[in-house]
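Following: one structure in structure tokens, then a few remarks.
A, B, ... follow the sequence lines: proteins, then strands. Residue 1 opens every chain.
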Number of protein chains: 2
Amino acid sequence: MKRVKKKLFSDFIARKGLKSTRQRDTILEFFLASDRHMSIEELYLKVRAKHPNIGYATVYRTLKLFAEAGLAREIQFGDGQTRYEHVNEGEHHDHLVCTRCGTIVEFENPVIEKLQDEVAKSHGFLIETHKMELYGLCPKCRK
Amino acid sequence: MKRVKKKLFSDFIARKGLKSTRQRDTILEFFLASDRHMSIEELYLKVRAKHPNIGYATVYRTLKLFAEAGLAREIQFGDGQTRYEHVNEGEHHDHLVCTRCGTIVEFENPVIEKLQDEVAKSHGFLIETHKMELYGLCPKCRK
DNA sequence: GATGTTTATGAAAATCACTTTCATTACCAT
DNA sequence: ATGGTAATGAAAGTGATTTTCATAAACATC
């Protein structure tokens with residue numbers, strides 16, 4: 001899996017005439033080893049712990065590149081932080097977010113997706129993407 | 001309807017031991033007369049046109065109060081602006097957002113809501129709220 | 001109505017989370 | 001090794017809030 005993502009990125013780099021750098025490799029390594037939903041800040045702190053010479057701006061720019069390359073996706077949970085999640089080919093999922101501890105669980109539901117398409121169609125919209133988040137208490141926080 | 005909302009707010013003010021002020025009345029008036037999705041900036045500009053003496057901070061703080069009082073709700077469409085929409089008792093709706101012109105259409109779909117509850121339940125979550133936005137091209141922008 | 005205590009307001013400063021700038025480095029195809 | 005780009009890091013800049021603080025308005029209570 002990691003191998004595939006790395007290839008995806010190096011191909012992207014090559015295709016775009018960009019350069020392969022130590023920093024990008026390092027950041028990709030940390031991103032792939034990370035939880036599925038990281039803010040720039042979170043990833044930056046993890047990276048900086050081992051590589052104090054890598055700056056925030058580089059992490060920021062590299063994450064944008066990952067998104068462009070198709071191996072990450074920006075998401076917003078309304079807490080003022082942009083997060084990046086891993087993208088796996090052909091996979092789309094939505095989120096359950098715990099309002100107490102912040103736990104994020106992913107889920108997929110084809111039936112809901114189909115209904116969304118119908119709603120859009122009935123309003124004459126042509127859907128590109130969607131976002132669905134369910135906020136509440138996770139099993140642990142319900143005690 | 002407006003009457004009900006005003007009472008809701010004045011009751012809230014009283015309950016919290018806050019004060020009724022000319023500014024708050026004015027801002028509420030403009031909010032109730034507005035489109036359903038206003039950013040702070042948009043409402044501020046509308047208010048300022050008639051009441052140049054009311055500051056941005058007051059609009060900002062008052063909108064937060066409306067949300068607390070339950071007559072407005074904060075929403076984010078990922079464009080970096082916090083918007084406030086009207087809350088009507090017992091009503092929940094989701095949004096279709098045009099990615100070209102920004103048009104926002106509201107919709108409700110009980111079947112989807114039910115499926116969301118089932119998803120949540122299957123993961124042991126107790127849902128408080130949810131957010132669902134479908135992004136794409138509106139009929140006009142599809143040409 | 002005057003007064004005293006609180007809360008509210010407006011202007012300006014401060015925050016926050018990015019984004020961009022720019023002088024300096026690092027890549028990499030000769 | 002070298003010349004031409006692209007990348008990096010530190011710092012400055014942005015945009016949208018959010019907070020601070022001196023002043024003004026409410027709302028009891030005289």
Side-chain angles (χ1 to χ4, degrees), chain A residues 9-31 37-69 72-84 102, chain B residues 9-31 37-69 72-84 102:
Chain A
F9 188 58
S10 60
D11 286 354
F12 173 79
I13 289 290
R15 192 164 65 254
K16 289 279 188 175
L18 304 178
K19 287 170 180 171
S20 163
T21 69
R22 214 168 338 96
Q23 288 89 332
R24 285 174 179 169
D25 291 348
T26 301
I27 294 168
L28 179 53
E29 204 67 67
F30 275 79
F31 177 67
H37 306 88
M38 301 276 285
S39 66
I40 303 170
E41 178 81 13
E42 285 166 349
L43 188 53
Y44 167 62
L45 290 177
K46 288 207 181 196
V47 169
R48 199 184 56 173
K50 290 277 189 188
H51 305 269
N53 49 313
I54 293 182
Y56 180 97
T58 299
V59 174
Y60 160 78
R61 287 181 289 226
T62 304
L63 244 11
K64 287 251 180 243
L65 277 186
F66 292 169
E68 247 194 278
R73 183 188 297 123
E74 288 190 4
I75 42 173
Q76 307 270 165
F77 290 127
D79 64 345
Q81 298 252 122
T82 298
R83 283 157 198 289
Y84 287 83
Chain B
F9 188 57
S10 60
D11 286 355
F12 173 80
I13 288 291
R15 191 165 63 255
K16 289 279 189 175
L18 304 178
K19 286 170 182 172
S20 163
T21 69
R22 211 165 343 91
Q23 288 90 331
R24 285 173 178 170
D25 291 347
T26 301
I27 295 169
L28 179 53
E29 203 67 67
F30 275 79
F31 177 67
H37 308 87
M38 303 276 285
S39 66
I40 302 170
E41 178 82 14
E42 284 166 350
L43 187 54
Y44 167 62
L45 290 176
K46 289 206 181 196
V47 169
R48 198 185 57 173
K50 290 276 186 190
H51 305 270
N53 50 312
I54 292 181
Y56 181 98
T58 300
V59 174
Y60 161 78
R61 287 182 286 226
T62 304
L63 244 11
K64 287 253 181 241
L65 276 187
F66 292 169
E68 247 195 280
R73 182 188 297 122
E74 289 191 3
I75 43 173
Q76 307 270 164
F77 290 127
D79 65 344
Q81 298 251 123
T82 298
R83 285 156 197 289
Y84 286 84

- Message: In whole Å, I'd like the distance from the OH atom of B:Y44 to the P atom of C:dT9.
- Response: 14 Å
- Which of A:E41, A:E42, A:E74 passes salt bridge (Lys or Arg N to Asp or Glu O under 4.0 Å) with A:R83? It is A:E42
- Task: Would you kindly give the OH-to-C1' distance between B:Y56 and C:dA8, to the nearest whole Å?
- Result: 18 Å
- Provide, to the nearest angstrom, the distance between the CD1 atom belonging to A:I13 and the C1' atom belonging to C:dA26. 14 Å
- Task: Round to a whole Å and report the spacing from NZ of A:K64 to P of C:dA17.
- Result: 15 Å
- Task: For B:S39, answer base if it contacts any base atom (sugar-phosphate contacts may also be present), sugar-phosphate if it contacts only those atoms, and nothing otherwise; contact means non-hydrogen atoms under 4.0 Å.
- Result: nothing
- Any A:Y60 side-chain nitrogen or oxygen under 4.0 Å from OP1 or OP2 of C:dC18: no
- Task: Describe the nucleic acid contact of B:E41 in one word from base, sugar-phosphate, nothing, applying a heavy-atom distance below 4.0 Å.
- Result: nothing
Hey, what are the protein-to-nucleotides 28-30 of chain C N/O distances that come in under 3.5 Å?
from, atom 1, to, atom 2, distance (Å)
C:dC28, OP1, A:S20, N, 3.2

- Task: Using a heavy-atom cut-off of under 4.0 Å over every strand shown, decide if A:R61 touches base, sugar-phosphate, or nothing.
- Result: base
- Return the minimal non-hydrogen interatomic distance between A:L18 and A:L65, and the atom names on each side. CD1-CD2, 4.0 Å
- Task: Could you pick out which residue, B:T62 or A:I40, lies toward the 5' side of DNA chain C when each is mapped onto its nearest nucleotide?
- Result: B:T62
- Item | Shortest non-hydrogen contact from B:Y44 toward B:G55 | CE1-C, 3.7 Å
- Closest non-hydrogen contact found for A:I54 with A:V47 is CD1-CG1, 3.9 Å
- Task: Extract, from 5' to 3' on DNA chain D, the first and final nucleotides lying under 4.0 angstrom from some heavy atom of chain B.
- Result: D:dA16 to D:dC27
- Message: Counting the atoms with a prime plus P, OP1 and OP2 as sugar-phosphate, which does B:K16 contact under 4.0 Å by heavy atoms, base, sugar-phosphate, or nothing?
- Response: nothing
- Task: To the nearest 0.5 angstrom, please state how far the OH atom of A:Y56 sits from the CG atom of A:L43.
- Result: 10.5 Å
- Item | Centroid separation B:F31 to B:F66 less than 6.0 Å | yes
- Query: Could you give the CG-to-C1' distance, from A:L43 to C:dA17, as a whole number of Å?
  - Reply: 15 Å
- Item | Residue list, side-chain hydrogen bond (donor to acceptor under 3.5 Å, both in side chains) with B:T58, at least two apart or on another chain | none
- Which residue lies toward the 5' end of DNA chain D, B:Y84 or B:R22, if each is placed at its nearest nucleotide? B:Y84
- To the nearest 0.5 Å, atom OG1 of B:T62 lies from atom CG of B:L28 at 9.5 Å
- Message: Are A:K50 and A:T26 packed together at the side-chain level, in the sense that at least one heavy-atom pair is separated by less than 4.5 angstrom?
- Response: no
- How many Å lie between CG on B:N53 and C1' on C:dA8, as a whole number? 14 Å
